[in-house]
Q: 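Please read through the structure below; I'll follow up with questions.
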Amino acid sequence: MSFRICARRLPAALIGAGFGLIFLGTLPAQAFPLFGKKSEASAKKPTAKGAPGTPGTKNVVTGTAPVKATTPEEIAAAKPATAKERQAARSLDLINQASFWMGELQKNPADAEAALEGSVALRKIGSAERAVQLAAMGLQVKGESPQLWSALALGLVAGGENEPALQALQKAISLSPKDASLQSALGVVYDRLERPDLAATAYEAGLKLSPEDATILSNYGLSIAMTGDLKRAEEMLRRANHSPLAPPQARQNLALVVGLQGRFEESERLATRDLPPAVASENAAYLKAMLNGGESRWTQLRQEKTN
């Protein structure tokens, strides 16, 4: 038994934050009915003159003032880590990396390197709002740093702050025009804003820089699926999954698009590679219910997940 899909844009909830689109590395495979709520991040929009300001001289992560050393022990502890210590910190797990770099910023809020490294680590562990704050802090010191603008932009994307992310990404891309990951992130933002035409332009630009990038291919494939062209979306997603570096989410996106075409058994087989069999079966059942019930059923399921 198969289902026919109309050639029209599918519900935008399908590309909600945390579902399908990949822009900061590998995401965990998840069940299909996941709709991301807007992040609590409240980063200020960057202006044409530079990055968002930071509140006073306090550490934006801890909310405390910089360390004021008074005893010899405190003076020694407040010294910035050596280059060797900093290099060693980069091999720590992400939580300890974030802690280390926040400690360095506690000693010296003008430490742009610590701001950058801390921002990247915080974003990767899911602290998007703090990642944005640290990147903005670093940009107060190095206002034209391509790396810091990229960190700011990706933090805003991770936090679901689409309009400021768009502005920051445009600045970051102007400073790092050969960074394919920024083009992919730009495509993600345009998809969220329901501008598939501009998203396609961004993904194409990314693929010119990195033709076999599995993340870009996966994002582009899901973007195409949103327009209703499921066959072309499947081709793009299969191309993504040919890469040995394809993240699990790329396979889940393929499973989704295959399922949306009514091939539920194949969809379930694909999903089982990364999900427990029970969850893969739940995904298939979800798609059947959505396709059988049409838009009204989709709306009901979406409300159940967002309430």
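In this text, all values refer to a predicted model and were calculated from it rather than measured experimentally.
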Q: Any donor-acceptor pair under 3.5 Å linking the side chain of Ser243 with the backbone of Leu245?
A: yes

Q: Hydrogens and angles aside, do Ser218 and Gln249 bring a side-chain donor and acceptor to less than 3.5 Å of each other?
A: no

Q: Counting distance only, does the side-chain N/O of Lys107 pair as donor-acceptor with the main-chain N or O of Lys79 below 3.5 Å?
A: yes

Q: Ignoring hydrogens and geometry, is there a side-chain-to-backbone donor-acceptor pair from Ser119 to Ala115 under 3.5 Å?
A: no

Q: For a quick check under 3.5 Å, do Glu234 and Gln261 share a side-chain donor-acceptor pair by atom type?
A: yes

Q: Hydrophobic clusters here meaning ILVMFWY residues chained together by side-chain heavy-atom distances under 4.5 Å, can you tell me if Val141 and Leu175 are in one?
A: no

Q: Answer yes or no: is there a side-chain heavy-atom contact under 4.5 Å between Thr201 and Asp197?
A: no

Q: State, with a plain yes or no, whether a side-chain heavy atom of Arg232 is found less than 4.5 Å away from one of Tyr220.
A: yes

Q: Does the Ser127 side chain pair with the main chain of Arg123, one donor and one acceptor, at a distance under 3.5 Å?
A: no

Q: Say whether, by atom type as modelled, one donor and one acceptor occur between the side chain of Ser91 and the main chain of Ala88 under 3.5 angstrom.
A: yes

Q: Checking Arg130 against Gln133: is there a side-chain donor and acceptor pair closer than 3.5 Å?
A: no

Q: Can you find a heavy atom in the side chain of Leu193 that is under 4.5 Å from one in the side chain of Val189?
A: yes

Q: What distance do Asp179 atom CG and Leu209 atom CG have between them, rounded to the nearest 0.5 Å?
A: 8.5 Å

Q: Are the side chain of Gln97 and the backbone N or O of Ala121 linked by a donor-acceptor pair below 3.5 Å?
A: no

Q: Return the CZ to CG distance between Arg238 and Leu254, rounded to the nearest 0.5 Å.
A: 5.0 Å

Q: Under 3.5 Å, is there a donor-acceptor pair linking the side chains of Thr227 and Asp229?
A: no

Q: Are Phe264 and Leu237 linked, directly or through intermediate hydrophobic residues, by side-chain heavy-atom contacts shorter than 4.5 Å (ILVMFWY only)?
A: yes

Q: Examine distances only and state if a side-chain atom of Ser174 and a backbone atom of Lys171 form a donor-acceptor pair shorter than 3.5 Å.
A: yes

Q: State whether the side chain of Glu117 and the backbone N or O of Trp101 hold a donor-acceptor pair below 3.5 Å, judged by distance alone.
A: no

Q: With distance as the sole test, does Glu85 use its side chain to make a donor-acceptor pair with the main-chain N or O of Thr82 at under 3.5 Å?
A: yes

Q: To the nearest 0.5 Å, what is the distance between CG on Leu94 and CD1 on Ile125?
A: 7.0 Å

Q: For Arg263, does its backbone N or O pair with a side-chain atom of Ser267 as donor and acceptor, under 3.5 Å?
A: no

Q: Answer yes or no: are there more than 12 heavy-atom neighbours, outside Arg273 itself, under 6.0 Å from its atom CZ?
A: no

Q: Supply the atom-to-atom distance Arg192 CZ to Leu166 CG, rounded to the nearest 0.5 angstrom.
A: 12.0 Å

Q: Any luck finding a side-chain donor-acceptor pair between Asn241 and Arg251 under 3.5 Å?
A: no

Q: Can you find a side-chain donor-acceptor pair between Tyr203 and Asp191 that sits under 3.5 Å?
A: yes

Q: Supply the atom-to-atom distance Ser181 OG to Leu186 CG, rounded to the nearest 0.5 angstrom.
A: 11.5 Å

